[in-house]
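Below is one structure, written out as C-alpha cells; comments come after it.
Values reported hereafter were calculated over all heavy atoms of this structure, with side chains retained and with hydrogens, waters and symmetry mates removed. Start at 1 and go down the list; that is how both ligands and their atoms are numbered.
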Amino acid sequence: MQHSEAGGMKILTVVGARPNFMKVAPIIAAVDKHNGRLVAGSPDRAGSQAETIRHILVHTGQHYDELMSGSFFNDLNLPKPDIHLGVGSGSHAAQTAEIMRKFEEVLIAEKPDVVVVVGDVNSTIACALVAAKISFDSDGSRPVIAHVEAGLRSFDRSMPEEVNRILTDHVSDLLFVTEESGLQNLRNEGVSADKIHFVGNTMIDSLLHFKEKAEASTILEKLALAREAGKNGGANSGSRYALLTLHRPSNVDNRDVFRNIIAGLEELATDCPIVFPVHPRTRQRIREFGFEFNLGGSAKKQNGNAPGSGNWRDGILLTDPLGYLDFLCLMKHAALVVTDSGGIQEETTILGIPCVTVRENTERPVTIERGTNTIAGTKSDAIRDAIRRQLGRNKDSGVPKNWDGRAGARIIDILVRSHYEKASYRPSLVPNAVPHEVRSSCS
Ligand code: UD1
C-alpha cells in the first residue's frame with residue numbers, strides 16, 4: 001500500500017537540540033526549491049513523475065530556551081515547527097522516553113513516507129527508534145528512516161552521542177554520510193552499501209549560505225574585538241581574540257577536569273582575550289564550583305572594561321549562548337577556537353581557523369587530516385602545547401570532499417528518486433527497497 005493519502009511524498013523532519021537546527025535548514029530549503037521547480041513547471045532532476053513534497057517539521061523541545069532554540073529559527077530562516085512536543089530537560093532515560101511517547105502519537109496521526117533525523121542527540125535516536133518499530137497497517141508498513149550525518153564514530157561508548165549514533169545508524173534505511181570515515185565505519189559494521197550515500201555536510205551548507213550574512217553581525221563591535229583573524233587589531237582597532245566553548249558533561253561536570261582545562265588556557269589568555277559563550281549546563285557548574293576565571297588577562301590590559309562587553313574577568317569574557325549568525329561571525333574572525341563541540345571542529349575546518357579540541361578523540365577525523373583541528377585531551381600542559389602549535393601552523397587547509405553547499409539538495413534528490421522508484425516496482429513502505437542505481441547515480 002502506497003501510504004501517502006494524496007499528493008506527493010510526505011517527509012517529516014525532526015529537530016530537538018541546538019546543533020540540529022543548522023543541519024535541517026538546507027534540507028527544508030531543498031524541499032522548497034523542489035516544490036518551486038514543480039510549480040514553475042520546470043523538469044525536476046529527480047524524474048518526471050515527481051510531485052510536490054509535503055513537509056512537516058517536528059521540534060521535540062529537547063532545547064527550549066530562546067538562546068538555545070528560538071533565535072536559531074530566526075537566524076536560519078527556519079519555518080515555525082508544525083508540531084512541538086515540548087519535552088524539555090530530564091535524565092537521558094526520561095528525556096528519550098518522553099520524546100518517544102509523544103513522537104509515536106505524531107507518527108500515527110501523520111503517517112509520513114519518510115522520517116528524517118539528524119546528528120546524534122537524544123531526539124535523533126528517540127525518533128528513529130519509534131519510526132523503526134511503528135506499524136501503520138496490517139502489513140507492518142512504516143516510514144523510511146533517513147539519518148543525516150551517519151557513520152561518524154569516536155569509538156568511545158562512554159559518550160552518549162556515540163551510543164545515539166550507532167543505534168540510529170542501525171535502525172535507519174538511508175544513511176547520509178558527511179565524510180569518508182563515515183563510509184568506512186558503516187561498511188565495517190556490515191551496513192549494506194545500497195543504504196549509504198556520501199552526500200556531504202548539511203551543516204556546512206548552512207555555513208556557506210550564511211557566511212556573508214554573518215558579516216552584518218555587530219557582535220565584534222559590541223565586544224571591541226578585531227574583524228580580521230589573527231591580526232593584532234584589525235581595521236576596527238579591536239583586539240585579536242580566541243573563542244571558547246565547553247559543554248560536554250565529561251568536561252564540565254567534574255570539577256578537576258574543568259579546572260584543568262581552564263588552567264590550560266592561562267597562557268592563551270595573556271596573549272589574547274578569550275570569549276566564552278556559556279552553555280546552560282556549564283553556567284550551572286561554574287556557579288556550583290565557584291570558579292572565578294582569574295586567567296591573568298590581556299583583556300583588561302587591551303580593552304579595559306570594554307563598553308557593552310559584559311563581564312570580562314581578567315582575560316576571559318563569559319557571555320550567554322549566542323545566536324547562529326553572531327557565533328559564526330565570532331568564529332570567522334577568531335585567532336583560534338578551543339572547543340569540545342563536534343560541529344565546531346567542522347565549521348573551523350571550512351573557515352580555515354585553527355581549532356584545539358579538548359577531548360580525547362573525535363568522530364570527525366577529516367578535520368584532523370586537514371590540519372585545522374588538533375586533539376589536545378583535557379590536561380593543562382597538553383592544551384597549552386596544542387594551542388602553541390595551532391597558533392603557529394600554516395592556515396591553508398583545503399575543503400573536504402562534497403562540503404560544497406549541495407548536501408541538502410543531494411539528500412532531497414535521493415529521497416525523491418527512492419520514493420518513486422520504490423512505488424513503481426514495490427508499492428509498499430517496507431524498508432530496504434532503495435534500488436542500487438539510485439545510490440550510484442546520486443552518491
Ligand atoms: C545536547 C546533546 C549534545 C549537544 C548539545 C548541544 C544529547 C545527549 N546531547 O547536550 O550532543 O552537543 O545538546 O547543546 O542529546 N538547558 C537549558 N535550556 C535549554 C536546554 C538545556 O537550560 O534550552 C539545560 C538544562 O539544565 C539541561 C542541560 O542544559 O538539563 C543539558 O541539556 P540537554 O539537552 O540534556 O543536553 P546538552 O548538554 O545540551
Q) Is there a nitrogen or oxygen of His279 sitting under 3.5 Å from a nitrogen or oxygen of ligand 1? A) yes
**Q.** Between Ser341 and His247: side-chain donor-acceptor atoms closer than 3.5 Å
**A.** no
(Q) Can you confirm whether Val338 sits close enough to Val358 that some side-chain heavy atom of one is under 4.5 Å from a side-chain heavy atom of the other? (A) yes
(Q) Quick test: of every protein heavy atom, which one is nearest to atom 35 (O) of ligand 1, and how far off is it to 0.1 Å? (A) Gln95 NE2, 4.0 Å
Q) Starting from atom 12 (O) of ligand 1, which protein heavy atom do you reach first, and at what distance in Å? A) His247 NE2, 2.8 Å
Q: Answer yes or no: is there a side-chain heavy-atom contact under 4.5 Å between Arg370 and Val366?
A: yes
Q. If hydrogens are left out, which of Arg18, Arg281, Gln284 has an atom nearest to atom 26 (O) of ligand 1, that is, the closest non-hydrogen atom?
A. Gln284
Q.
Under 3.5 Å, is there a donor on one side chain and an acceptor on the other for Gln62 and Asn122?
A. no
Q.
Please compare Gly119, Ser89, Ala17, Pro19 and report which has the shortest non-hydrogen distance to atom 6 (C) of ligand 1.
A. Pro19
Q. In the protein, what heavy atom is nearest to atom 8 (C) of ligand 1, and what distance, to one decimal place, separates them?
A. Asn122 OD1, 3.3 Å
Q: Begin from the C-alpha positions of Arg18 and Asn20 and carry the test side chain to side chain donor-acceptor pair (under 3.5 Å) through to its verdict.
A: CA-CA 5 Å; Arg18 184 170 62 176; Asn20 293 161; over 6 Å; no
Q: Starting from atom 2 (C) of ligand 1, find the nearest protein heavy-atom neighbour and note its residue, name and distance.
A: Val121 CG1, 3.7 Å
Q) What class does the angle between the rings of Phe21 and Phe72 fall in, given that below 30° is parallel, 30 to 60° is tilted and above 60° is perpendicular? A) tilted
**Q.** Residue that, paired with Ile28, satisfies side-chain contact (heavy atoms from CB on, under 4.5 Å) out of Val15, Ile11, Leu57, Asn77
**A.** Leu57
Q) Which atoms of ligand 1 have any heavy atom of Met68 under 4.0 Å away? A) 14 (O), 19 (C), 23 (O)
Q) Nearest protein heavy atom to atom 11 (O) of ligand 1, by residue and atom, and its distance? A) Glu161 OE2, 2.6 Å
Q) Under 3.5 Å, is there a donor-acceptor pair linking the side chains of Thr245 and His279? A) no
Q | Nearest-contact summary for atom 17 (C) of ligand 1 - protein heavy atom, Å | A | Tyr64 OH, 3.3 Å
Q) Can you tell if the side chain of Glu110 reaches within under 4.5 Å of the side chain of Ile83, non-hydrogen atoms only? A) yes
Q) N/O to N/O below 3.5 Å, does that happen between Asp65 and ligand 1? A) yes
Q. Considering only protein heavy atoms, which is closest to atom 10 (O) of ligand 1, and at what distance to one decimal place?
A. His63 NE2, 4.4 Å
Q | Subset of ligand 1 atoms that lie under 4.0 Å from at least one heavy atom of His92 | A | 8 (C)
(Q) Within the structure, is a non-hydrogen atom of Ser69 found at a distance of less than 4.0 Å from ligand 1? (A) no
Q) Looking only at protein heavy atoms, which one is nearest to atom 22 (O) of ligand 1, and how far off is it? A) Pro280 CB, 3.2 Å
Q.
Below 30° counts as parallel, above 60° as perpendicular, anything between as tilted: where do the rings of His197 and Phe176 land?
A. tilted
